[in-house]
Q: 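I have a structure I would like to understand better, so I am pasting it below and will then ask my questions one at a time.
The sequence lines fix the lettering, A, B, ..., with proteins before strands; numbering per chain opens at 1.
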Number of protein chains: 2
Amino acid sequence: MDKSAGILTIDLGALRANYDIIGARLKPGCRAGAVVKADAYGLGAEPVVRALYDHGCRDFFVSSVAEALRIRPAAPQAQIVILNGYYASQADAYVQQNLTPALGSFIEIKNYRALGEKTGRALPAWLSFNVRMNRLGLGAVEEEELRQNPDMLQGIDVRAVMGHFACAEIKDHPMTQEQYAAFLKIAATYPDAAKSLSNSSGLFRSVDYQFDIVRPGMALYGLNPIPEAENPMRPVVRLDVPVIRMRVVYAGAHVGYGATYQFAQDTPLATVSAGYADGLFWALSNRGALYWKGIRCPMRGRVSMDLTTVDLSDVPSDQRPKPGDMMEVLGPHQSPEQLGRDGGSFDYEVLTSLGPRYERRYIG
Amino acid sequence: MDKSAGILTIDLGALRANYDIIGARLKPGCRAGAVVKADAYGLGAEPVVRALYDHGCRDFFVSSVAEALRIRPAAPQAQIVILNGYYASQADAYVQQNLTPALGSFIEIKNYRALGEKTGRALPAWLSFNVRMNRLGLGAVEEEELRQNPDMLQGIDVRAVMGHFACAEIKDHPMTQEQYAAFLKIAATYPDAAKSLSNSSGLFRSVDYQFDIVRPGMALYGLNPIPEAENPMRPVVRLDVPVIRMRVVYAGAHVGYGATYQFAQDTPLATVSAGYADGLFWALSNRGALYWKGIRCPMRGRVSMDLTTVDLSDVPSDQRPKPGDMMEVLGPHQSPEQLGRDGGSFDYEVLTSLGPRYERRYIG
């Protein structure tokens with residue numbers, strides 16, 4: 001029994017390879033940034049940013065000032081765009097750390113202009129447009145008002161205009177073309193600004209959607225940006241968790257909270273030291289699986305907070321693991337997509353739920 | 001716009017009150033420890049342990065050595081029991097920090113005896129018995145073998161024997177009485193050791209289940225140990241997240257990824273800066289709600305990684321929030337139970353999924 005927690009292995013070589021796979025898809029003149037919000041989708045913002053920065057990436061996207069400050073040391077010369085916009089209460093950080101808000105409302109524009117006046121120079125910003133996503137960004141009415149009153153942006157150095165795809169992961173979704181058309185109209189209004197519309201899926205769907213800067217996130221981390229086809233990306237994440245107890249239960253026995261699973265026959269079980277507090281969703285109870293030497297071992301009973309119990313019936317009795325051996329949660333036999341699906345969730349949430357108790361190992 | 005992240009408020013006064021509510025339920029001679037694994041169910045292990053230790057608690061339960069080491073400075077004289085048992089690779093930590101493994105297999109017993117011999121004294125341990133949970137602990141065959149060969153424990157200072165309830169949260173579940181009967185037999189074998197069987201639910205079900213030490217976790221944190229009745233515990237957790245954008249969308253518009261929700265009429269929306277990376281489960285999409293001034297505001301569209309969009313139709317137009325205002329996720333109008341249910345999960349997982357981006361405020 002050597003390990004008390006799981007081991008989360010993050011392949012920075014695969015991450016860089018994915019950045020290059022994306023780069024090879026881009027039309028001339030277009031460059032790729034990297035979305036690294038939410039701790040780089042759970043993989044560790046600092047090492048991910050450092051690896052990509054050293055590999056040539058110069059545009060990073062985060063959601064908040066706190067996230068921007070955390071990665072600034074790893075990307076000293078990069079443009080760091082705060083997607084959630086401008087927080088006037090943290091004005092100093094924008095100026096001192098050269099952070100670029102994606103301004104998405106008149107309030108933000110007004111406050112950011114005031115900051116520029118106070119600072120005595122035009123500060124950099126992106127303009128974020130809604131284009132029917134209805135989450136963040138300037139809406140159609142505001143867009144028109146800005147078009148007619150460009151002075152509203154006076155004193156702001158508008159570096160780029162952006163929109164965001166809502167449905168690009170679904171092949172040929174009509175919304176994508178509608179959003180593209182809406183964005184084209186905006187792009188024409190800001191000839192001097194860079195244009196950015198595509199997330200991971202969008203950039204793979206059409207070079208028309210790429211414009212000047214693309215903003216991949218999930219594809220960098222190995223998730224499939226075109227789910228209807230084979231995943232063009234290299235896997236970045238591997239997760240193994242240790243067995244801490246082997247047991248054979250008798251026919252008729254139950255396992256775990258609520259006694260939700262009853263064994264029809266004598267059954268070998270392994271208990272691993274990872275549970276829903278580590279991101280093995282409770283909804284995986286009696287549905288998900290771990291892998292041992294490539295053999296699927298179904299979860300039996302409810303996932304506990306710190307423990308999960310799996311059925312080793314399909315493992316030959318002389319090949320069963322022993323305490324201390326590591327079973328695969330994510331790796332060559334199980335993708336984040338598969339684990340997510342089994343848990344009523346999806347691949348992104350699998351990554352952002354990777355728990356703090358795992359030992360992080362960065363390779364490559 | 002003053003806050004970029006949500007605010008997670010943890011009421012240490014309520015935590016202490018819950019410890020006292022439990023204490024008042026205990027039969028004479030029984031004492032309450034505290035289960036603080038998984039970062040005290042997501043609430044912060046150090047402040048929780050410090051508050052309970054200062055309030056008189058002297059027994060803490062964690063899952064791993066790493067968790068034990070983290071709380072030792074806050075509970076210098078306490079017994080810290082490692083529920084996952086003895087990890088021989090971390091032997092030094094047990095001795096140096098006086099950690100007590102709950103030994104649950106013959107391998108662990110053998111290795112821990114060896115540590116005692118090497119150290120030159122009997123080291124403290126609990127014995128963990130399976131009692132039909134089939135997750136951790138010594139099984140029926142091992143139990144019998146130990147009974148017949150007590151020498152196997154020579155050189156180990158057996159402080160306590162423990163079992164664990166699988167179904168105590170379900171009133172009158174037959175498994176509970178079966179486990180109790182199995183544990184009584186074990187208890188008789190170890191007259192000099194303390195006995196511990198009950199989690200939060202078990203200790204509320206019957207004084208017979210309390211024995212010498214009870215191990216509440218969830219009830220300390222305000223969750224309901226007797227779900228069929230009114231919650232006897234005080235709420236400990238409150239979570240509020242900031243609005244970052246207000247918008248009125250037109251009839252026919254969609255919102256969020258996948259365009260999964262279409263509005264039948266013009267609708268006021270608020271976007272808050274918290275999403276599934278913060279523990280607002282993706283499964284809450286189009287099902288969960290936030291609260292504003294006590295009014296339920298249903299989530300519309302998919303929960304995003306960092307953002308969630310809610311419908312303010314039921315809020316009078318002159319009372320709508322503005323950017324920077326905080327909406328209730330957990331508090332007087334929405335319990336962890338409710339949020340968990342809406343997201344295909346349950347209250348425990350709501351707590352352990354509370355994201356790292358929230359600002360933690362400890363009050364009381």
Q: A:Met305 and side-chain contact (heavy atoms from CB on, under 4.5 Å): which partner among B:Val35, B:Thr352, B:Leu351?
A: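 Single pass found, and it is B:Thr352.
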Q: Return yes if some donor-acceptor pair links the side-chain N/O of A:Arg245 with the main-chain N/O of B:Gly104 below 3.5 Å, else return no.
A: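 The answer is yes, because a donor-acceptor pair under 3.5 Å joins these two groups.
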Q: Heavy-atom distances under 4.5 Å only: say whether B:Leu136 touches chain A with side chain, backbone, both or neither.
A: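 Both backbone and side chain.
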Q: Could you look at B:Thr309 and say if it's the side chain, the backbone, both or neither that has a heavy atom under 4.5 Å from chain A?
A: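 Contact with chain A is through the side chain of B:Thr309 alone.
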Q: Output the option from A:Pro356, A:Ala38, A:Ala168 having the highest count of non-hydrogen pairs under 4.5 Å with chain B.
A: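 Of A:Pro356, A:Ala38, A:Ala168, A:Ala38 has the most heavy-atom pairs under 4.5 Å with chain B.
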Q: Mind checking what makes side-chain contact (heavy atoms from CB on, under 4.5 Å) contact with A:Ala166, not counting sequence neighbours?
A: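 Counting only residues at least two positions away or on another chain, A:Ala166 forms a side-chain contact (heavy atoms from CB on, under 4.5 Å) with A:Met133, A:Met175, A:Gln179.
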Q: I'd like to know which of B:Gly42, B:Ser353, B:Ser304 tops the heavy-atom pair count under 4.5 Å against chain A.
A: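 That would be B:Ser304.
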Q: To the nearest 0.5 Å, how far apart are CG in B:Leu138 and CZ in A:Arg247?
A: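 Answer for the CG-CZ pair, B:Leu138 versus A:Arg247, is 8.0 Å.
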Q: Taking B:Asn130, B:Asp39, B:Asp278, B:Val65 one by one, which has the highest count of heavy-atom pairs under 4.5 Å against chain A?
A: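 That would be B:Asn130.
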Q: Answer with side chain, backbone, both or neither: which region of B:Val303 has an atom nearer than 4.5 Å to a non-hydrogen atom of chain A?
A: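 Neither part; nothing is under 4.5 Å.
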Q: Could you look at B:Phe165 and say if it's the side chain, the backbone, both or neither that has a heavy atom under 4.5 Å from chain A?
A: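 Backbone only.
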Q: Identify which of B:Val249, B:Thr260, B:Leu307, B:Thr308 forms the greatest number of heavy-atom pairs closer than 4.5 Å to chain A.
A: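 Among B:Val249, B:Thr260, B:Leu307, B:Thr308, the one with the most close pairs to chain A is B:Leu307.
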Q: Under 4.5 Å, heavy atom to heavy atom, which residues of residues 250-259 of chain A contact chain B?
A: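 A:Tyr250, A:Ala253, A:His254, A:Val255, A:Gly256, A:Tyr257, A:Gly258, A:Ala259 fall under the 4.5 Å cut-off.
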Q: To the closest 0.5 Å, what do you measure between CZ (B:Phe263) and CG (A:Asn134)?
A: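 Interatomic distance, B:Phe263 CZ to A:Asn134 CG, rounded to 0.5 Å: 7.0 Å.
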Q: What part of A:Glu178 gets within 4.5 angstrom of chain B, counting heavy atoms only: side chain, backbone, both, or neither?
A: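 For A:Glu178, no heavy atom lies under 4.5 Å from chain B.
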Q: Using atom types as modelled and distance alone, determine if a side-chain donor or acceptor of A:Arg357 lies under 3.5 Å from a backbone N or O of B:Glu67.
A: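 Answer holds: no.
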Q: Relative to each other, are the rings of A:Tyr348 and B:Tyr276 parallel, tilted or perpendicular (30° and 60° limits)?
A: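 Correct class here is perpendicular.
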Q: How many angstroms lie between CD1 in A:Ile107 and CE in B:Met246, if you round to the nearest 0.5 Å?
A: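 Spacing of CD1 (A:Ile107) from CE (B:Met246) equals 9.5 Å.
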Q: Is B:Arg302 in contact with chain A via its backbone, its side chain, both, or neither, using a 4.5 Å heavy-atom distance?
A: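 Looking at B:Arg302, just its side chain touches chain A.
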Q: Is it the side chain or the backbone of B:Arg135 that comes within 4.5 Å of chain A heavy atoms, both, or neither?
A: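 Its backbone and side chain both get close to chain A.
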